[in-house]
Structure formats: structure tokens, C-alpha cells
Chemist: 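Please read through the structure below; I'll follow up with questions.
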Amino acid sequence: MSVTVRVPAKVNVQLAVGAARPDGFHDLANVFLAVGLYDEVTVTPAEELRVTCAGPDAAEVPLDRTNLAARAAIALAERRGLDPAVHLHIAKDIPVAGGMAGGSADGAGALLACDALWGTGASREELLEICAELGSDVPFSLVGGAALGTGRGEKLRTLEVGGEFSWVFAMAERGLSTPAVFREFDRLTEGLDVPEPVASEDLLDALAGGDPDALAAAVSNDLQPAALSLFPELADTLAAGSAAGALAGLVSGSGPTTAFLARDTGAAAKIADALRASGTCRTVRVASGPAPGATVI
Ligand code: C5P
């Protein structure tokens, strides 16, 4: 008997970042949009906890207990006094260390899969609480769709989306560490008055209206200067996407994946071809959002 859960990637259409808090985290106004690139997590009873991974980036995925999927299984088992003796297999399609919440997706997926396998019957509330303990972006991976995350990003308010948005994602030659990007943000804003992060009303209206031009005019990412400072070549990818006719281009979350909004799927295919030909990135993927959250399949 095994259970498989499919979990989407995300792009941040707005990432407003406040000053570092005493605990080192940053308050955010984080507008998440789930997009149709998915990891699948399959959980099967086993002698002891182990993690395997398959997919183009599998070699970069840690298979020990630092993997968020393993941590999710352990967290749920501890709450129920169970032994987390399961084999977690991750079929990985979301880029690793890319700013698209791939690790978070695996955490949310493993949690939902173990809940179903063990019949723990955890409430949505408890699942979200465990997700928040695992990481700032994990609750959104469970929920999917579109949401505004506040606090360190874990307090979610579901957002209405009035249409499908077409995206092109350019994966970079190497990853970026999220803590390193936040540290660079702190360095770049040292001595400056960093305003409280607030969600843009224009952006929320654009999402609700399903209007790609309005969304393009409103997207923003306060971590982008920090990501570009650590990875200057990303500017070439952003320029290539813009020259190819993207309505907007930005770094996704802490990067280094860059995200390009297209008017429709036809335009997205053309932008993807141009980015592939540009030689400024490793791989290019097309996906649209909103996509559903973690789902047992
Ligand atoms: O919550 P998570 O473990 O995903 O965060 C990874 C790292 O990103 C944190 O250790 C912290 O350095 C940084 N972070 C932050 N503020 C947030 C979310 C993450 O500084 N709101």
C-alpha cells in the first residue's frame, strides 16, 4: 500500500520584505501563485525512514533527515507517537534551490501522504501548523491557488484569481541559498529605513481581475537586488526575456529562477524558445497558474 501526493511549485508575484526581526527572520507581504510544475511524493511502509529522489536535479537533493519530506514525516509521527518507518520517494520536477518552493512542496506532500497512509486524520489546521514549523513557504505548498502570506510568510489569506496566467521560467546554471539572499538583502539595506511590507492593492486587483497587463505592471520582488548582487548574470536572462516580449520579468522568490509573464500560452511558447536560444539559462519551462495545492492522486 502506498500513497502519492502531487504538489505545485510557486512564483512570488509580490515579495515585499521588511527589516530583519530579532529572530533573524523578515516580516513579509508575500503574494504566492501556485503554478503547474509539480513534484510527486510517494510514501510506502518500510523497515526504517528513507528518502529517494528521481528527476533531472535529483543529485542535488539531500536524502538524509534534513530533507523537508523526512522532517514532515518525523513531525507528524512524533505528534501521534508513531514510528516514521516509511520510504519517501520524490519524483522531482521543480528546480532545486531555485526559489520555486521545491523543498517546501516535498515537505507538504510528504505530510499529506503520511497523514493518508497512517490514517492520522489530522485537521487542515493541524497540517498547516506542522507546515509552518517546517518552513515559511510550506503552508502555501499545501494550500496552492493564490495567497497572501504575512508574518514570515506562513500566515495565509487565500486570494481570488479571475483567470489563468501564463508563465515562462528560466532555470539558472546554479542555485542560490535562501538564507544567503536574505543576508545580502540585510547588507544592501544596512543603515536604510526599510518600510513595513504591505501587499499592493493594484496587484491584488490584477489577480482578481485575471488581467495579465495589470499584473505585469504590479509585480515586484524586494529580494531581486540581493539575488542579482550574488548572481549578476541573471540580469542577462531578464534582458533576454524582456526582449522576447515578456509582459514582465522578475526573479522568483530568492532566485535564481527568473519568471516571465506572457499574455497567453502562445506568447509563452515564443518567449520560451527565445530564452532557450539566448544561452543565458540552463533550462526553460512553461507553466500556468493558479494550480491546485497538495493533492492525493
Ligand atoms: O522558513 P525557512 O526555513 O524556509 O527559511 C529559510 C531561511 O530564509 C531562514 O533561515 C532565513 O534566513 C530566511 N528567511 C527570512 N525571513 C523569512 C523567511 C525566510 O529571513 N520571512
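Both ligands and their constituent atoms are indexed starting at 1 by order of listing.
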Chemist: With the threshold set at 4.0 Å, does a side-chain nitrogen-carboxylate oxygen contact exist between K92 and E40?
Modeler: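 Salt bridge: no.
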Chemist: Give the ring-plane orientation class for F32 versus F140, where under 30° counts as parallel, over 60° as perpendicular and anything between as tilted.
Modeler: parallel
Chemist: Is any side-chain N of the basic residue among D57 and R282 closer than 4.0 Å to the acidic one's carboxylate O?
Modeler: yes
Chemist: Distance under 6.0 Å and angle within 45° of the ring axis: does R152 meet both against F25?
Modeler: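 Positive - R152 is close enough to the ring of F25 and near enough to its axis.
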Chemist: Please list, in number order, the atoms of ligand 1 under 4.0 Å from a heavy atom of G135.
Modeler: 1 (O)
Chemist: Tell me which protein heavy atom sits closest to atom 13 (C) of ligand 1, plus the residue, atom name and distance to 0.1 Å.
Modeler: F182 CD1, 3.3 Å
Chemist: Before accepting this row, confirm whether a basic side-chain N of the pair R187/E190 lies closer than 4.0 Å to the acidic partner's carboxylate O.
Modeler: no
Chemist: Using a strict cut-off of 4.0 Å, indicate which atoms of ligand 1 neighbour a heavy atom of T178.
Modeler: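 Selected atoms, number and element: 8 (O).
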Chemist: Looking only at protein heavy atoms, which one is nearest to atom 4 (O) of ligand 1, and what is the separation?
Modeler: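 Atom 4 (O) of ligand 1 sits closest to the protein heavy atom S136 N, 3.7 Å.
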Chemist: Indicate whether any N or O donor in one side chain lies under 3.5 Å from an N or O acceptor in the other, for T52 and H87.
Modeler: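 Yes, H87 and T52 have a side-chain donor paired with an acceptor closer than 3.5 Å.
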Chemist: Measuring from non-hydrogen atoms of G24 to any atom of ligand 1, is the shortest distance under 4.0 Å?
Modeler: yes
Chemist: Checking the N or O distance criterion of under 3.5 Å, is ligand 1 in contact with H26?
Modeler: yes
Chemist: Between R71 and E78, is the closest basic N to carboxylate O distance under 4.0 Å?
Modeler: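 No, no charged N to carboxylate O under 4.0 Å.
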Chemist: Is there a polar contact between ligand 1 and D137, counting only N or O atoms under 3.5 Å apart?
Modeler: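 No; every N/O pair is 3.5 Å or more apart.
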Chemist: Closer than 4.0 Å to some heavy atom of P179 - which atoms of ligand 1 meet that?
Modeler: 7 (C), 12 (O)
Chemist: Please work out, at 4.0 Å between heavy atoms, whether the side chain, the backbone, both, or neither of F25 comes within that distance of ligand 1.
Modeler: both
